[in-house]
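Right, one structure below, let's go through it.
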Amino acid sequence: MVAEVHSQYDTILILDFGSQYSHLITRRVREIGVYCEMLPCTQKIAELSFKPTGIILSGSPYSVYDKDAPHVDPAVWELGLPILGICYGLQEMAWTMGGKVAPCAHREYGHATVHPVALPASSPTHLGKLLAGMGTDLTMWMSHGDQLSELPKEFTALATTATSPYSAIGHLKKPIYGLQFHPEVTHSKNGTQILKNFVLDVCGASANWSMSSFIDKEIARIREMVGPTAQVVGAVSGGVDSTVAAVIMSKAIGDRFHAILVDNGVMRLNECKNVYERLRNKLGINLTLADASATFLGKLAGVSEPEKKRKIIGNTFIDVFEAEAERIDKETALKGQAKIEYLLQGTLYPDVIESISFKGPSATIKTHHNVGGLKEDMKLKVIEPLRELFKDEVRALGKLMGLDDELVWRHPFPGPGLAIRILGEVTPDKVRIVQQADDIYISEIRKAGLYRQISQAYAALLPFNSVGVMGDQRTYEKTICLRAVETTDFMTADWFQFPYDVLKRISNRIINEVRGVNRVMYDVSSKPPATIELE
Ligand SMILES: Nc1ncnc2c1ncn2[C@@H]1O[C@H](COP(=O)(O)OP(=O)(O)OP(=O)(O)O)[C@@H](O)[C@H]1O
Ligand SMILES: O=c1[nH]c(=O)c2[nH+]cn([C@@H]3O[C@H](COP(=O)(O)O)[C@@H](O)[C@H]3O)c2[nH]1
Ligand SMILES: NC(=O)CC[C@H](N)C(=O)O
Ligand SMILES: [Mg+2]
């Protein structure tokens, strides 16, 4: 039996009704040191693969009384577990148990002062636990247009605001509570204390979720799962996610793990060489560099439509990766070793949340391409050591495992590489121009000490020429577009406000040093409406 994460950590279950803050609840609970998972609110309790220690119900864009509003499996209320409803979660709990929820005259958005109710000494002790130690005037953040106007039977008010008598409520007999405000957002002062009170005191969960315990347990789990002979293959880009996953894998099974770095011809200047050097020689990862640059560039020739370029790269990645896996399989079979049975993937928790969140249909903005979507007949089982972690947890893990800062704090680099930063057709000469410009840009950013402040920066090549004058001669050459953004989750982003002298130095160097460029522009668009990449 594989030791599952749930047998090692108490798990708080977060049921997501589609609020934009649902993942923040997950973040806060993890920060408290308690493991938690988010599942859609439609999760059937009977089909749950683990027994939670407590349950949190998130907010939602719906109103509970809407005809198509989502509701939890009624079995949730019968589990006898502590439950905390936040915003819609409170409304769902109260509405289900016979209370009244309706649109309110005084909608509350943004800051509000919440007053905990002084409970009589005779109150059941569990009622006082949620807001214990919080003081009398709490600064909390609200976002609701509906309000509880009548308490369900057996509930009592735990806090009020100037316009609402039921800002927090509790069940008189069971550890069931509701909050009309959002303790999970950073604008709610000491909101984390309330979550802590719930998770640690009410649920009694142990706070043993930490990155160092995670490494040991994950290595043991992988060894047990893979067994003594099977081999594992994985695509590794040198990005922080796949590198951390590869280091864990190497520590677990050594050279039975075969990492493959694909040179797709649209990597940054010297990137493959540097990544190979670092991963193979410094980190001791059994890494093969598959040079498929000619194949990729050949297939990209003459193609300028962004989605077509992305699809070609995604499909070619899979072909190259499969051919490599087959080659390794044959070689290791010759040496009498067992077959490749597993595929390593660097999936993170946001990817998992993305695929399970409770939400309506959303439009495809662009097709993201990674390696991994292998053909059915490969029949490899997937190992995802990071699927429970957020990006900053992966960075902390990388640091704990001794990866250098440069690797841990590397800006993300997309699978399709420079191909989506060369607008229009990709040619070897355009790749050279972007590589050189990007290298100057990033090294000047580092020199100015700004690399860590910026979340992602890159140079792109615009698809037109313009007139310039260099050495008294007319030029008609290419334009480099510089982009730098600040963001925490890459879903929204703002452009970075460079000191002018840094921009000036960068522009000067690019025009002087990169043949074929006579103009440099800086992109001052936020996301939305723009995206981070240009294609
Ligand atoms: N050139 C490449 N060679 C091999 N695998 C690659 C390459 N580019 C991307 N991949 C695979 O695609 C996955 C997703 O890429 P993605 O850029 O999202 O993550 P990453 O490179 O690991 O980290 P980061 O987001 O920090 O760049 C990688 O984890 C890796 O498995
Ligand atoms: O692995 C990847 N494969 C892709 O196809 C891809 N497209 C965009 N990105 C990265 O995703 C983040 C958001 O980018 P956008 O605002 O352009 O969608 C940014 O960090 C982008 O670099 C990709 N990563
Ligand atoms: N943030 C929320 O959960 C809002 C719940 C509900 N839609 C309201 O407006 O009251
Ligand atoms: Mg990457």
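All ligand and atom numbering here is 1-based and tracks the order in the structure. Position 1 is the first residue of the sequence, and the numbers go up from there. In what follows, every heavy atom counts, from backbone to side chain, and hydrogens, waters and symmetry copies are set aside.
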I'd like to check which ligand 1 atoms, numbered from 1 as shown, lie under 4.0 Å from a non-hydrogen atom of Val240.
23 (O), 26 (O)
Check the orientation of His187 and His111. Use parallel for under 30°, tilted for 30 to 60°, and perpendicular for over 60°.
perpendicular
Which heavy-atom pair separates Gly265 from Val431 by the least distance, and what is that distance?
O-CG1, 3.6 Å
How far apart are the C-alpha atoms of Lys273 and Glu277, what are their side-chain angles, what is the distance that settles it, and do they pass the salt bridge (Lys or Arg N to Asp or Glu O under 4.0 Å) test?
CA-CA 6 Å; Lys273 197 172 129 262; Glu277 178 82 1; over 6 Å; no
Given the options Arg30, Lys399, Arg27, Asp392 meets salt bridge (charged side-chain N to carboxylate O under 4.0 Å, His left out) only with Arg27
Taking only residues two or more places apart in sequence, or in another chain, which ones meet Asp146 in a side-chain hydrogen bond (donor to acceptor under 3.5 Å, both in side chains)?
Ser63, Tyr65
Would you indicate whether Arg432, at its atom CZ, is surrounded by more than 12 heavy atoms from other residues, nucleotides or ligands within a distance under 6.0 Å?
yes
Which bit of Val236 is near ligand 1, meaning a heavy atom under 4.0 Å away: side chain, backbone, both or neither?
backbone
At a 4.0 Å threshold, what atoms of ligand 1 neighbour a non-hydrogen atom of Met267?
1 (N)
Can you name the atoms of ligand 1, numbered from 1 with element, that are less than 4.0 Å from a heavy atom of Ile260?
4 (C)
Does His144 have its ring centroid less than 6.0 Å away from the ring centroid of Tyr88?
no
Residue contacts for ligand 3, heavy atom to ligand atom, distance under 4.0 Å:
Gly59, Ser60, Pro61, Tyr62, Cys87, Tyr88, Gln91, Ser143, His144, Gly145, Asp146, His182
Geometry only, no angles: is Ser237 polar-contacting ligand 1 at N/O separations under 3.5 Å?
yes
List ligand 1 atoms under 4.0 Å from Asp241, heavy atoms only on the residue side.
19 (O), 22 (O), 23 (O), 25 (O)
Residues Asp439 and Gln435: side-chain donor-acceptor under 3.5 angstrom
no
Is there a donor-acceptor contact under 3.5 Å from the side chain of Ser58 to the main chain of Phe17?
yes
Min heavy-atom dist Gly346 to ligand 1 below 4.0 Å
no
Heavy atom to atom 24 (P) of ligand 1, shortest distance: which of His411, Arg395, Lys391 holds it?
Lys391
Polar side chain donor-acceptor pair, Glu108 to Thr161, under 3.5 angstrom:
yes
Please indicate whether any nitrogen or oxygen in Pro414 is less than 3.5 Å from any nitrogen or oxygen in ligand 1.
no
Just to be sure I understand the site: which N, O or S atoms from the protein are less than 2.8 Å away from the Mg ion (ligand 4)?
Phe413 O
Neighbour count >12 (heavy atoms, 6.0 Å) for atom NZ, Lys527
yes
Does any N or O in the side chain of Tyr451 come within less than 3.5 Å of the main-chain N or O of His411, such that one atom is a donor and the other an acceptor?
yes
Would you say Leu261 and ligand 1 have an N/O pair spaced under 3.5 Å apart?
no
Considering the options Arg310, Arg421, Lys309, which one meets the salt bridge (charged side-chain N to carboxylate O under 4.0 Å, His left out) requirement together with Glu533?
Arg421
Selection residues 248-284 - residue pairs positive for ring pair (Phe, Tyr, Trp, His ring centres under 6.0 Å), sequence neighbours left out
none
Is any N or O atom of Asn264, backbone or side chain, closer than 3.5 Å to an N or O atom of ligand 1?
no
Any atoms of ligand 1 less than 4.0 Å from a non-hydrogen atom of Phe317? List them with their elements.
1 (N), 2 (C), 3 (N), 7 (C), 8 (N)
Donor-acceptor contact below 3.5 Å, side chain Asp73 vs main chain Val76
no
